[in-house]
Asker: 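First the structure, then my questions, so here it is.
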Amino acid sequence: GGSADAMSDRDAGGTGVLSAEAAQTSTKLIYTANLTIESKDFDAARTALNEAVSAAGGYMESSDESSYSGMGRSLSLTIRVPQDNYTSFLAAAAQAGNLVDKSEQVQDVTTQYMDIEARLSNLTAQRTRLQELQATAENLSDLLEIESSLSDVQYQLESWQSQLNWYSQQVECSTVYLSLRSEERRVGKECRSRWS
């Protein structure tokens, strides 16, 4: 991905900062969709969905199946697909059965993303300064104070970096919450079992 290049670019010294900053100004959007699909042939629909996920280069994050007497079966899926294939995946998933409901959310996290990058940049500079001070510390009390500050900066760096990684993952892979239900519901079955 591009983030690793940007980081090494930044560490190379002051010159790389601007180019890395400019490279990161692309909009960061998180896509989320909720789909509800019904199908008379539950297993075929499920197979079609699995194939659509594979074709999109995605994966199932979680899957939960339940079945109710006389109510057929239902399947709740959380699917992650690369953002590039998000739209085509939604179209393919809708073909798996009868699309009952669909909603989408788009969250723009560009500002948060750039804010975290700026913090990381400042913290990296702070760490470099502290490391230089550490090398030239005259006495033990100074050294201990510098080391304490260093571990604090390191902790903050790791914390912000993991937040940035989380945003990157959400941006790169869209989330689709999908609910598949069988259409073979109620009607004659309950009556027969009740009166037989």
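Numbers for residues simply follow the sequence, beginning at 1.
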Asker: Applying the 4.5 Å side-chain criterion to the ILVMFWY set and letting contacts propagate, would L180 and M60 be lumped into a single cluster?
Answerer: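 Yes; M60 is reachable from L180 via cluster members.
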Asker: Indicate yes or no: at least one non-hydrogen side-chain atom of V109 is less than 4.5 angstrom from one of Q170.
Answerer: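 Sidechains of Q170 and V109: no contact.
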Asker: Among pairs that include at least one residue of residues 78-102, which meet ring pair (Phe, Tyr, Trp, His ring centres under 6.0 Å), considering only residues two or more places apart or in two chains?
Answerer: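 Sorted result for residues 78-102: Y31-Y86.
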Asker: Got a donor-acceptor contact below 3.5 angstrom from the N139 side chain to the D142 backbone?
Answerer: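 Yes, because the side chain of N139 sits within donor-acceptor range (under 3.5 Å) of the backbone of D142.
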Asker: Is it true that V176 and L99 fall in one hydrophobic cluster, defined by side-chain heavy atoms closer than 4.5 Å?
Answerer: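 Yes, V176 and L99 fall within the same hydrophobic cluster.
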Asker: Can you tell me if Q107 uses its side chain to pair, donor with acceptor, with the backbone of T32 under 3.5 Å?
Answerer: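 No, because the side chain of Q107 does not come within donor-acceptor range (under 3.5 Å) of the backbone of T32.
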Asker: Could you pull out all residues at least two apart from T136 that satisfy side chain to side chain donor-acceptor pair (under 3.5 Å)?
Answerer: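 Side chain to side chain donor-acceptor pair (under 3.5 Å) check on T136 returns nothing, list empty.
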Asker: Say whether V106 and L35 are linked into one hydrophobic cluster, either directly or through other cluster members, by side-chain heavy-atom distances under 4.5 angstrom.
Answerer: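 Yes; L35 is reachable from V106 via cluster members.
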Asker: Could you tell me which residues satisfy side-chain contact (heavy atoms from CB on, under 4.5 Å) with E61, sequence neighbours excluded, listed by chain and number?
Answerer: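 Here the qualifying residues are Y59, T78, R80.
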Asker: Looking at E145, I'd like to know if its CD atom is crowded, meaning that more than 12 non-hydrogen atoms belonging to other residues, nucleotides or ligands lie closer than 6.0 Å.
Answerer: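 No, because the 6.0 Å sphere around CD of E145 holds 12 heavy atoms or fewer from other groups.
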Asker: So, taking the atom named CD in E38 and the one named CG in D101, what distance separates them when rounded to the nearest 0.5 Å?
Answerer: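 Here the rounded value is 10.5 Å.
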Asker: Looking at residues at least two apart in the chain, or sitting in another chain, which of them share a side chain to side chain donor-acceptor pair (under 3.5 Å) with Q156?
Answerer: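 Residues passing side chain to side chain donor-acceptor pair (under 3.5 Å) with Q156: D152.
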Asker: Can a side-chain donor-acceptor contact be found between Q169 and N165 if the only test is distance below 3.5 angstrom?
Answerer: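 N165 vs Q169: no donor-acceptor pair found between side chains.
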Asker: Determine the minimum heavy-atom distance between A48 and A96, stating which atoms define it.
Answerer: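 What the structure gives for the nearest pair is CB-CB, 3.9 Å.
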Asker: Run the salt bridge (charged side-chain N to carboxylate O under 4.0 Å, His left out) test against D43 and tell me which residues pass, sequence neighbours left out.
Answerer: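 Residues passing salt bridge (charged side-chain N to carboxylate O under 4.0 Å, His left out) with D43: R73.
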Asker: Flag the pair L49 / R46 as yes when at least one side-chain heavy-atom distance between them is below 4.5 Å, and no otherwise.
Answerer: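 They are not in side-chain contact.
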Asker: Roughly how far, to the nearest 0.5 Å, is OG1 of T124 from CZ of R129?
Answerer: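 Nearest 0.5 Å value for the CZ-OG1 distance: 11.0 Å.
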Asker: Closest heavy-atom contact between T110 and S26?
Answerer: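 What the structure gives for the nearest pair is CG2-O, 3.9 Å.
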Asker: List the atom of P82, the atom of A56, and the distance in Å for their closest heavy-atom pair.
Answerer: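 What the structure gives for the nearest pair is CD-O, 3.2 Å.
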Asker: Return the CG to CD distance between L144 and Q134, rounded to the nearest 0.5 Å.
Answerer: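 Here the rounded value is 10.5 Å.
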Asker: Run the side chain to side chain contact (heavy atoms under 4.5 Å, CB included) check on L143 and E147 step by step: do they pass?
Answerer: CA-CA 6 Å; L143 190 62; E147 280 176 355; 4.0 Å; yes
Asker: To the closest 0.5 Å, what do you measure between CG (L75) and CZ (R181)?
Answerer: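 CZ of R181 is found 12.5 Å from CG of L75.
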Asker: With rounding to the nearest 0.5 angstrom, report the OG to CG distance, S179 to D64.
Answerer: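 Between atom OG of S179 and atom CG of D64 there are 10.0 Å.
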Asker: Taking atom CD of Q105 as the centre, report whether more than 12 heavy atoms of other residues, nucleotides or ligands fall under 6.0 Å from it.
Answerer: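 Counting neighbours around CD of Q105, more than 12 heavy atoms of other residues, nucleotides or ligands fall under 6.0 Å, so yes.
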Asker: Counting C-beta onward and ignoring hydrogens, is there a side-chain heavy-atom pair between T111 and D115 closer than 4.5 Å?
Answerer: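 SC-SC contact between T111 and D115 ruled out.
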Asker: Treat each ILVMFWY residue as a node, draw an edge where side-chain heavy atoms are under 4.5 Å apart, and state whether L123 and W166 are in one component.
Answerer: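 Shared cluster, yes.
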Asker: Check whether Y177 and I37 end up in the same hydrophobic cluster, where Ile, Leu, Val, Met, Phe, Trp and Tyr are linked by side-chain heavy atoms less than 4.5 Å apart.
Answerer: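 Shared cluster, no.
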Asker: Can you name the closest pair of heavy atoms from K28 and D108 and give their distance?
Answerer: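 Taking every non-hydrogen atom into account, O-OD1, 3.4 Å.
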Asker: What residues form a ring-ring contact (aromatic ring centres under 6.0 Å, His included) with Y167, not counting sequence neighbours?
Answerer: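 Y167 satisfies ring-ring contact (aromatic ring centres under 6.0 Å, His included) with no residue once adjacent residues are dropped.
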Asker: Give, for atom CD1 of I146 and atom OG of S151, the distance between the pair rounded to the nearest 0.5 Å.
Answerer: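 Reported to 0.5 Å precision, the distance equals 12.5 Å.
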